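What follows is a short report on a single structure.
From a predicted model like this one, the values you see are computed outputs, not experimental measurements. Below, each value reflects all heavy atoms present in this structure, side chains not excepted, and no hydrogens, waters or symmetry copies.
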Amino acid sequence: MKCDHSDGTHVGSCAVCGDPVCSECFQSLFNVVICSNHEGLEDESEWELIALYMTTEGADSLRYYFDDQGVQSVAVENEEGTIEVYVPIEEKDDAWASLEGGEVGEDMIRCDEDRLFFAREIGECPICGTGAES
């Protein structure tokens, strides 16, 4: 259901689905706006990190791929300028399985221990600290 509040002020687009969001129905997730269609997912503990990119282009490509697979995702820039891609906890197994075909790109390293892909420039898994092999 798209926002239909005529009295709300437009505050942006949903970081998950891209729909317009107004001041009456927005929620915040990782300091980005999400719409009320994602009620129950506004709790950051309901999302798991699946990939870290150095540029928005790689993260955007992954998000388009997830969208085609029916997996929700959100991309957030952290303090270091790295783009973090999150998926809902209940969708992480499906997301991980869909990436086993190499959809993340050759510039990414895979950490099977933490089930995380990260940009080769990062050098080591930011969770466990190992230099995982691709």
Side-chain angles (χ1 to χ4, degrees):
M1 168 168 97
K2 292 192 184 230
C3 171
D4 62 356
H5 297 110
S6 57
D7 56 343
T9 303
H10 177 76
V11 295
S13 298
C14 177
V16 178
C17 66
D19 285 348
V21 182
C22 80
S23 59
E24 297 292 317
C25 62
F26 89 98
Q27 301 172 68
S28 181
L29 171 72
F30 300 112
N31 295 320
V32 296
V33 172
I34 63 171
C35 68
S36 59
N37 291 333
H38 306 293
E39 188 174 340
L41 292 178
E42 73 275 7
D43 181 355
E44 293 177 10
S45 68
E46 296 297 317
W47 293 78
E48 281 202 33
L49 183 64
I50 196 162
L52 290 140
Y53 286 87
M54 297 302 290
T55 65
T56 57
E57 292 82 20
D60 289 346
S61 293
L62 180 61
R63 292 197 63 230
Y64 291 133
Y65 174 75
F66 281 153
D67 190 48
D68 288 344
Q69 302 300 311
V71 174
Q72 299 178 87
S73 65
V74 64
V76 180
E77 185 173 350
N78 65 23
E79 297 89 27
E80 292 84 33
T82 305
I83 311 300
E84 301 174 338
V85 178
Y86 292 86
V87 296
I89 288 173
E90 67 271 3
E91 296 182 28
K92 186 162 185 182
D93 290 340
D94 293 336
W96 184 256
S98 73
L99 294 175
E100 289 186 326
E103 295 295 329
V104 294
E106 293 179 12
D107 61 334
M108 300 296 284
I109 296 174
R110 172 183 174 149
C111 178
D112 288 322
E113 182 177 336
D114 295 307
R115 293 178 33 179
L116 177 71
F117 286 90
F118 55 94
R120 195 168 296 283
E121 296 97 5
I122 294 173
E124 63 184 26
C125 176
I127 296 173
C128 68
T130 62
E133 295 298 318
S134 58

**Complete:** What one should report as the nearest heavy-atom pair of Ala59 and Ala75 is CB-CB, 4.4 Å
**Separation of Arg110 CZ from Phe118 CZ (nearest 0.5 Å)** = 12.0 Å
**Request:** Would you name the heavy atoms of Asp114 and Cys125 that are closest together and state the gap between them?
**Result:** OD2-SG, 3.2 Å
**Message:** Nearest 0.5 angstrom please: Asp107 CG to Met54 CE, how far?
**Reply:** 10.5 Å
**Request:** For the pair Glu77 (side chain) and Ile83 (backbone), establish whether a donor and an acceptor sit closer than 3.5 Å, ignoring hydrogens and angles.
**Result:** no
**Fill in**
Nearest heavy-atom approach of Cys14 to Val21 is N-CG2, 3.6 Å
**Asked** Is a side-chain N or O of Tyr53 found less than 3.5 angstrom from the main chain of Asp60, in a donor-acceptor match?
**Response** no
**Asked** Closest approach of Cys17 and Cys35, non-hydrogen atoms and distance?
**Response** SG-SG, 3.7 Å
**Message:** Walk me through whether Trp47 and Ile89 qualify under side-chain contact (heavy atoms from CB on, under 4.5 Å).
**Reply:** CA-CA 5 Å; Trp47 293 78; Ile89 288 173; 5.8 Å; no
**Item:** Check: Ser73 main-chain N/O paired with Arg63 side-chain donor or acceptor under 3.5 Å
**Value:** yes
**Request:** Can you sort out the partners of Gln72 under side-chain hydrogen bond (donor to acceptor under 3.5 Å, both in side chains), two or more places apart, ordered by chain and number?
**Result:** His38, Glu91
**Message:** Restricting to non-hydrogen atoms, name the atom on Ser98 and the atom on Phe66 that form the minimum distance, rounded to 0.1 Å.
**Reply:** OG-CE2, 3.9 Å
**Prompt:** With the 4.5 Å side-chain cut-off for hydrophobic clustering, are Ile127 and Val76 part of the same group?
**Reply:** yes
**Request:** Measure up the Phe117 and Trp96 rings against each other and bin them: parallel (under 30°), tilted (30 to 60°), perpendicular (over 60°).
**Result:** tilted
**Request:** Hey, could you give me the CD/CG distance between Glu84 and Leu52, rounded to the nearest 0.5 Å?
**Result:** 5.5 Å
**Message:** So, taking the atom named OG in Ser13 and the one named CG in Asp19, what distance separates them when rounded to the nearest 0.5 Å?
**Reply:** 8.0 Å
**Prompt:** So Leu99 and Ile50, side-chain contact (heavy atoms from CB on, under 4.5 Å) or not? Walk me through it.
**Reply:** CA-CA 10 Å; Leu99 294 175; Ile50 196 162; 4.1 Å; yes
**Request:** Starting from the C-alpha separation in whole Å, work towards a yes-or-no answer on side-chain contact (heavy atoms from CB on, under 4.5 Å) for Val85 and Leu49.
**Result:** CA-CA 6 Å; Val85 178; Leu49 183 64; 5.8 Å; no
**Message:** Looking at every heavy atom in both Arg120 and Met108, which two are closest together, and how far apart are they?
**Reply:** NH2-O, 3.7 Å
**Message:** With side-chain contact (heavy atoms from CB on, under 4.5 Å) as the criterion, how do Asp94 and Gln69 come out once you've worked through the C-alpha distance, each side chain's angles and the decisive distance to 0.1 Å?
**Reply:** CA-CA 9 Å; Asp94 293 336; Gln69 302 300 311; over 6 Å; no
**Prompt:** Which pairs count as salt bridge (Lys or Arg N to Asp or Glu O under 4.0 Å) when at least one residue sits in residues 47-58, sequence neighbours excluded?
**Reply:** Glu48-Lys92
